[in-house]
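Atoms considered below: every heavy atom in the structure, side chains included; atoms not considered: hydrogens, waters and symmetry mates. Since the structure is predicted, the reported quantities are computational estimates derived from the model, not experimental observations. We count residues from 1, following the sequence as given. As the structure lists them, so they are numbered: ligands from 1, and atoms in each ligand from 1.
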Amino acid sequence: MPQTSQQTPKPPRIVIVGAGTAGLNLATRLSRRLGHAGKAEITLVDENLSHMWKPSLHEFAAGTKGFDEEISLLEHSHRNEYNFRLGRFVGIDREKRLVQLQAVNDPANRPLAPKRALPYDILVLAIGSRSNDFGTPGVAEHCMMLDTPSQAKRLQAELLNLFLRFQTGALCTSNDKLELTIIGAGATGVELAAELREAAGQFARNGIHKVRRPDAVTIRVLEAAPRVLGALPENISAKVERHLRELHIDVQTGAKVARIEPGAVHLADGTVLSSNLTVWAAGVRAPEVVGQLEGFETGSLGRLKVRPTLQTLADDRIYALGDCADCPWPAKESSLPPRAQVATQQAEFMERQILAQIAGKPLKEFSYADHGSLVAISNEGAVGSLMGKAIGTITIEGWLARRAYRSLHFLHRKSVLGTWRATLGALLGGASSRIRPKLKLH
Ligand SMILES: Cc1cc2nc3c(=O)[nH]c(=O)nc-3n(C[C@H](O)[C@H](O)[C@H](O)COP(=O)(O)OP(=O)(O)OC[C@H]3O[C@@H](n4cnc5c(N)ncnc54)[C@H](O)[C@@H]3O)c2cc1C
């Protein structure tokens, strides 16, 4: 008897662009829920081959944390059975439902991945954010930034070379001092300053004898606003500033930077500060490509405007989440801030949202639960607030705060690596930190 051929519908193609805090988390979840069962084809795109937990970039940059926590996207995608594609996202052809990728070359300019287009049925943009230089002259040419793992690696190498040159006399400074300047006293700037102080102490203990003198290394933080950590409550900002001063960090608030020149930072009031290494950490904005997407509306910080469902205003099939999305925050009558906590909660929400969309069920609205903010200000310390229905808002600091801060990273690793591998990794990492040098010195 002839068989009637019944066409089985093709599984939907879900493309996630950006393998950061939000994107990698979502790809892992969807591959477990849909990919393994063949209910969807999951593809993750990134311009890098590896993933690093961005909130730790300042520790990698200072050399106080090794790069061994990088997750290979080739290995991760193989283990979790989704597709990984190396490529730089440059646009969308919405009519043909294609994601456009630019070619990626190696450092010798040989092509690694060609220019191409990937078809999608559902597209999720999670391409994070970039430092915002607010058009300040000289920043792009003379400042280092801390947006990507490669920038963190470059900063770590520059820092090491600077201290070596100072020790050997290859670097001549007018006042026999090293001057490190961080512009911006948000979480990134403040945490980096404290980490640089830790690194300077380790350099002094590891052969860079010239920096043993207490005043040999000036670490300064310049902030245009009247206080550090302007986005956090005043009591936390005051505590953090006190801790920074205890670490002999020169905190200058109300200091607006007008321009940067090689070796010098010029303030709007005419003051000129000499600086051997200058890091720009004065806020973020969406990557440029977001503003170049035709037909999409952008909002605060140049981010893609999304509805509470996380769908873009322009297209029901295209979602955005994490730092690149401008998502309404009705409780504060504003937009959600670019933070790991938001990116993580949105990734968890998106898993359920995509399941609903595929099943043809009504979509839900994202609701953010603010669990507080923690700022790490030295090897063992942190300050911050925890928020919850049962506890209200409490301020914590010291060892407990540091543990809570570290737990955010552990929870992220647990969601992308699984409980067993994340726990084993934490135990092995803890053990190896006892025998490893406290600073990366090569
Ligand atoms: C030093 C530092 C400390 C921080 N500390 C904290 C903290 O303590 N608490 C907190 O809540 N938040 C903190 N943050 C902010 C937090 O890291 C971000 O909010 C969070 O990582 C955003 O996640 P995301 O997935 O949106 O973007 P990201 O994690 O930045 O990921 C974006 C991904 O997209 C990729 N990508 C970008 N452009 C393209 C392109 N064109 N094509 C292909 N791929 C692309 C990138 O390679 C990256 O993998 C910190 C940030 C920094 C830099």
(message) Can you confirm whether or not the ring centre of Tyr82 sits under 6.0 Å from the ring centre of His76?
(response) yes
(request) State whether Asp323 and Arg130 are salt-bridged, where the test is any N-O pair (Lys NZ or Arg NE/NH1/NH2 against Asp/Glu carboxylate O) under 4.0 Å. (result) no
(message) Could you check whether Arg406 pairs with Glu59 (Lys NZ or Arg NE/NH1/NH2 to Asp/Glu carboxylate O, under 4.0 Å)?
(response) yes
Distances under 3.5 Å, N/O of ligand 1 against N/O of the protein: list each pair and its distance.
residue	atom	partner	partner atom	Å
ligand 1	11 (O)	Ala340	N	2.9
ligand 1	12 (N)	Ala340	N	3.2
ligand 1	19 (O)	Asp323	OD1	2.8
ligand 1	19 (O)	Asp323	OD2	3.3
ligand 1	19 (O)	Pro338	O	3.4
ligand 1	19 (O)	Arg339	N	3.3
ligand 1	19 (O)	Ala340	N	3.2
ligand 1	21 (O)	Thr21	OG1	2.9
ligand 1	25 (O)	Thr21	N	3.2
ligand 1	25 (O)	Ala22	N	2.8
ligand 1	26 (O)	Asp323	N	2.8
ligand 1	29 (O)	Thr21	N	3.1
ligand 1	29 (O)	Thr21	OG1	3.2
ligand 1	30 (O)	Lys54	NZ	3.4
ligand 1	38 (N)	Glu47	OE2	3.4
ligand 1	41 (N)	Phe89	O	3.2
ligand 1	42 (N)	Phe89	N	2.8
ligand 1	44 (N)	Glu47	N	3.3
ligand 1	47 (O)	Asp46	OD1	2.8
ligand 1	47 (O)	Asp46	OD2	3.4
ligand 1	47 (O)	Asn48	ND2	3.2
ligand 1	49 (O)	Asp46	OD2	2.7

Can you give each donor-acceptor pair under 3.5 Å made by side-chain atoms of residues 11-25, sequence neighbours left out, with the distance rounded to 0.1 Å?
residue	atom	partner	partner atom	Å
Arg13	NE	Asp121	OD2	3.1
Arg13	NH2	Asp121	OD1	3.2
Asn25	OD1	Arg29	NE	2.7

(message) Tell me whether Arg242 is salt-bridged to Glu246, with the criterion being a basic N under 4.0 Å from an acidic carboxylate O.
(response) yes
(request) Examine distances only and state if a side-chain atom of Arg94 and a backbone atom of Ala314 form a donor-acceptor pair shorter than 3.5 Å. (result) yes
